[in-house]
Amino acid sequence: MKTRIAEIVRDVLLEKLPKDAFCPEISIEIPKIIDHGDFSSNVAFQLTKSLKKSPFQIAESLIDDLKKHKQSKALFSTISAARNGFINFTLSLDFLQKNIKTIRKQDKKYGMSNLGMGKKVLIEFVSANPTGPLHIGHGRWAVIGDDIASLFEYCGFKVQREFYVNDVGNQINKLEESVKAVAQNKAIPNDGYGGAYIKDIAKELKNKISETDFRNILLNDILAHQKETMQKLGVSFDNYFSEKKLHDEEVIEQVISKLTAEGHTFREGGALWFKSEALGDDKNRVLVRANGETTYFAADIAYHLNKYERGFDVLINVWGADHHGYVPRLKAAIEALELPAGRFEVIIGQLVSLYRGSEPVKMSKRTGDMVTLEEVVSEIGSDATRFFLTMNSANNHVNFDLELAKQKSQDNPVYYVQYAHARICSILRKSKIQISKSKENPKSQNLTSLNHEAERILMRKLLDVEDEVIAACRKREPHQIVNYMRDLAQIFHNFYHKCRVLENPSRLMLVDATRIVFRNMLELLKITAPEKM
RNA sequence: GAGCCCGUAGCUCAGCUGGAUAGAGCAACAGAUUUCUAAUCUGUAGGUCGGAGGUUCAAAUCCUCUCGGGCUCGCCA
């Protein structure tokens with residue numbers, strides 16, 4: 001909707017402005033105050049300098065042409081210039097009423113757009129080490145990554161969800177040694193893994209430790225548990241990418257020789273270094289250790305080269321804040337390989353602290369004293385976990401209160417939204433009037449009676465979905481969808497108290513449209529939309 | 001010491017690419033149901049947007065400095 005209005009404004013400006021004048025980027029906003037209309041534009045401010053007139057004069061001079069624009073009649077009841085220079089647009093009731101029909105006609109597709117035009121997006125997230133169970137932090141990356149992927153899908157992109165499996169390296173050696181030691185009742189080696197889960201695994205795989213491919217059996221077992229946990233959260237991946245494969249296929253060596261050939265490496269202390277400092281990193285980084293082994297970083301360069309080679313238009317990584325220092329070196333590598341750096345971005349998610357009420361829950365993998373993601377999901381359920389892990393900006397450190405998430409009370413925001421949906425379903429069940437499905441001729445639906453203030457506010461909010469999804473996708477911020485639903489729920493509940501729905505066909509259709517929007521957005525976030533509560 | 005993130009109501013947090021009078025939930029207080037789910041709604045109270053400068057028509061938002069908190073700084077992954 002915003003882009004549609006922006007286009008109208010731009011059409012008028014292009015016609016009206018002198019040819020040599022600079023046409024500013026047009027932004028359409030939603031005014032905070034209801035008297036200022038449904039949308040507003042600040043173009044008049046942006047033009048004061050080039051036109052040498054006051055914002056109000058400019059705004060006024062544009063009004064008539066805006067009103068005359070082809071599309072204006074269908075959309076707006078009024079367009080006016082505020083005294084300070086804002087141009088305010090008010091949607092016509094007729095347009096909002098027609099949109100109810102559109103919602104019901106588009107049904108599951110309402111809220112989707114074709115912003116991406118089929119461009120390919122790869123989003124890599126979680127990528128936990130296969131050395132133990134997932135924790136709540138992984139849960140956050142899983143949910144955020146999955147939601148961002150869904151946002152892209154809603155906006156018309158082709159999306160692949162990928163999980164990178166770090167199935168080689170010291171940690172894996174230590175893991176194997178630790179499990180074997182426990183299974184044979186020996187002491188765990190220094191720096192080994194001593195968590196309670198190691199015992200469980202040792203018990204489970206005890207009679208397989210002598211097999212030659214025990215390491216694979218072990219890794220597959222742990223990965224299977226991780227997958228199972230994510231499955232419970234509704235998260236699944238299109239692809240699990242093995243680090244080991246990069247080693248086996250010698251792609252790492254190839255990347256290293258490529259970097260060396262371009263003069264991006266040097267030798268020192270027996271190791272081969274990458275000149276990342278020259279490309280924005282604060283240090284140079286080792287690619288091949290003195291003992292001849294390649295580093296994790298070297299493999300990661302090969303992995304990202306591989307991502308580019310698979311032809312994606314957008315490459316997104318979701319990482320925990322504890323890895324943020326790693327970003328510059330990877331960007332340096334991408335630049336050194338002369339890959340289009342603009343396609344690559346990293347979303348850093350701040351960490352999660354678990355609480356029970358006001359008591360912090362300790363999380364230490366090494367001592368085994370930790371609450372796993374598995375435990376959290378089975379304790380409070382997938383819906384609450386997803387909702388709580390989605391509802392905050394990824395930039396914010398999150399305190400996750402297990403007690404609150406578990407409560408079936410009004411303190412718990414999950415129920416507020418789900419309840420609105422259930423309430424609508426209840427009304428529709430109870431209604432004796434069968435409202436038509438989309439098959440019926442939409443012209444026969446007369447919605448002109450929807451003119452109550454509460455009805456208008458609700459219709460207006462329903463119109464915003466597409467803009468909200470686009471904005472959330474552009475900013476990679478799924479929590480905006482949660483905010484939208486909380487607002488919508490509030491608006492709906494308010495409407496419900498003011499307007500009786502049963503026996504009123506127009507309102508039944510409005511409520512049905514509201515149901516569709518709730519369901520679509522809950523579905524986007526993979527939270528269930530209950531019909532009864 | 002350096003880098004990244006955060007600091008907004010008593011608590012948890014929103015605040016869109018700078019925009020009009022600073023927003024919600026919870027907690028507190030006062031109310032609402034003979035009618036569609038009270039897991040709901042309405043109202044009241046609560047703020048020097050950590051602090052100080054600067055940029056401009058306009059700053060919670062951008063820049064500099066500063067204070068406080070989290071994370072990171074390996075030839076680990």
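Order of the sequence lines fixes the chain letters, A, B, ..., with proteins taken first and strands second; residue numbering starts at 1 for each chain. Everything numeric here is computed off the predicted structure, so don't read it as measured data.
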Nucleotide N/O of nucleotides 75-77 of chain B paired with protein N/O under 3.5 Å:
from  : atom 1 : to       : atom 2 : distance (Å)
B/C75 : O2     : A/Ala290 : N      : 2.9
B/C75 : N4     : A/Gly269 : O      : 2.9
B/C76 : OP2    : A/Arg289 : NE     : 3.4
B/C76 : OP2    : A/Arg289 : NH1    : 2.8
B/A77 : OP1    : A/Arg289 : NH2    : 2.4
B/A77 : OP2    : A/Tyr296 : N      : 3.2
B/A77 : O3'    : A/Gln171 : NE2    : 3.0
B/A77 : O2'    : A/Asn129 : OD1    : 2.9
B/A77 : O2'    : A/Asn129 : ND2    : 3.3
B/A77 : O2'    : A/Gln171 : OE1    : 3.3
B/A77 : O2'    : A/Gln171 : NE2    : 2.7

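For A/Phe495 and A/His452, the ring centers sit 6.0 Å or farther from each other. Centroid-to-centroid, the aromatic rings of A/Phe344 and A/His304 come within less than 6.0 Å.
Here the nucleotide nearest the side chain of A/Phe86, chosen from B/A20, B/G74, B/G15, is B/A20.
Looking at heavy-atom distances under 4.0 Å, A/Leu287 makes no contact with the nucleic acid at all. Here A/Asn504 lies out of heavy-atom contact (under 4.0 Å) with every strand. Among the heavy atoms of the strands, none lies under 4.0 Å from A/Ser54. Nucleic acid contact for A/His36: base, since at least one base atom lies under 4.0 Å from a heavy atom of the residue. Base contact: A/Ile33 has a heavy atom under 4.0 Å from a base atom.
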* Take nucleotides 29-38 of chain B nucleotide by nucleotide from the 5' end and write B, S or -, depending on whether a protein heavy atom sits under 4.0 Å from the base, only from the sugar-phosphate, or from neither. => ------BBBS
* **B/S/- contact track for nucleotides 1-9 of chain B, protein heavy atom under 4.0 Å** => --BBSS---
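The strand RNA chain B forms stems, runs of 3 or more Watson-Crick or G-U wobble pairs with distances below 3.5 Å, at B:1-7 with B:67-73, B:10-13 with B:23-26, B:28-32 with B:40-44, B:50-54 with B:62-66.
Using modelled atom types and a 3.5 Å distance limit, the side chains of A/Gln171 and A/Tyr296 yield no donor-acceptor pair. Defined by atom type and a distance below 3.5 Å, a donor-acceptor pair is missing between the side-chain atoms of A/His247 and A/Lys244. For A/Asn170 and A/Lys174, the side-chain atoms include no donor-acceptor pair closer than 3.5 Å.
For A/Arg285, the salt bridge (Lys or Arg N to Asp or Glu O under 4.0 Å) criterion is met by A/Asp281, not counting sequence neighbours. In this structure A/Asp464 satisfies the salt bridge (Lys or Arg N to Asp or Glu O under 4.0 Å) test together with A/Arg460, sequence neighbours excluded.
Rounding to the nearest 0.5 Å gives a distance of 6.0 Å between CG of A/Leu91 and CG of A/Leu463.
Between A/Phe241 and A/Tyr303, the angle of the ring planes lies from 30° to 60°, which puts this pair in the tilted group.
With A/Ile222 as the fixed residue, the side chain to side chain contact (heavy atoms under 4.5 Å, CB included) test singles out one of A/Leu218, A/Asn220, A/Leu219: A/Leu218.
Contact annotation: A/Asn483 does not reach the phosphate of B/A24 (side-chain N/O to OP1 or OP2, under 4.0 Å). An OP1 or OP2 oxygen of B/A24 is reached within less than 4.0 angstrom by no side-chain nitrogen or oxygen of A/Gln490. A close approach under 4.0 Å does not occur between any side-chain nitrogen or oxygen of A/Lys2 and OP1 or OP2 of B/U17. Here A/His479 reaches the OP1 or OP2 of B/G15: one of its side-chain N or O atoms lies under 4.0 Å away.
Between A/Ile28 atom CD1 and B/G19 atom C1' the separation is 13 Å, expressed in whole Å. Here the P atom of nucleotide B/U17 and the CZ atom of A/Arg476 are 12 Å apart, to the nearest Å. Summarising the geometry, the separation between CD on A/Gln418 and P on B/U40 is reported as 13 Å, rounded to the nearest angstrom.
Heavy atoms only, all atoms of each residue included: A/Leu522 and A/Ala529 are closest at CD1-CB, 3.7 Å.
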* Does the pair A/Lys307 and A/Glu162 meet the rule for a salt bridge (Lys or Arg N to Asp or Glu O under 4.0 Å), with working shown? -> CA-CA 10 Å; A/Lys307 284 186 183 175; A/Glu162 187 159 290; 5.5 Å; no
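The number of heavy atoms from other shown groups lying within 6.0 Å of CD (A/Glu453) does not exceed 12.
Taking a cutoff of 4.0 Å between a charged side-chain nitrogen and a carboxylate oxygen, A/Arg515 and A/Asp512 qualify as a salt bridge.
Here, B/G25 and B/A9 have their P atoms 16 Å apart, quoted to the whole Å. For B/U48 and B/U8, the P atoms lie 12 Å apart once the distance is rounded to whole Å.
Between A/Ile30 and A/Phe39, the residue anchored nearer the 5' end of RNA chain B, judged by the nucleotide with its closest heavy atom, is A/Ile30.
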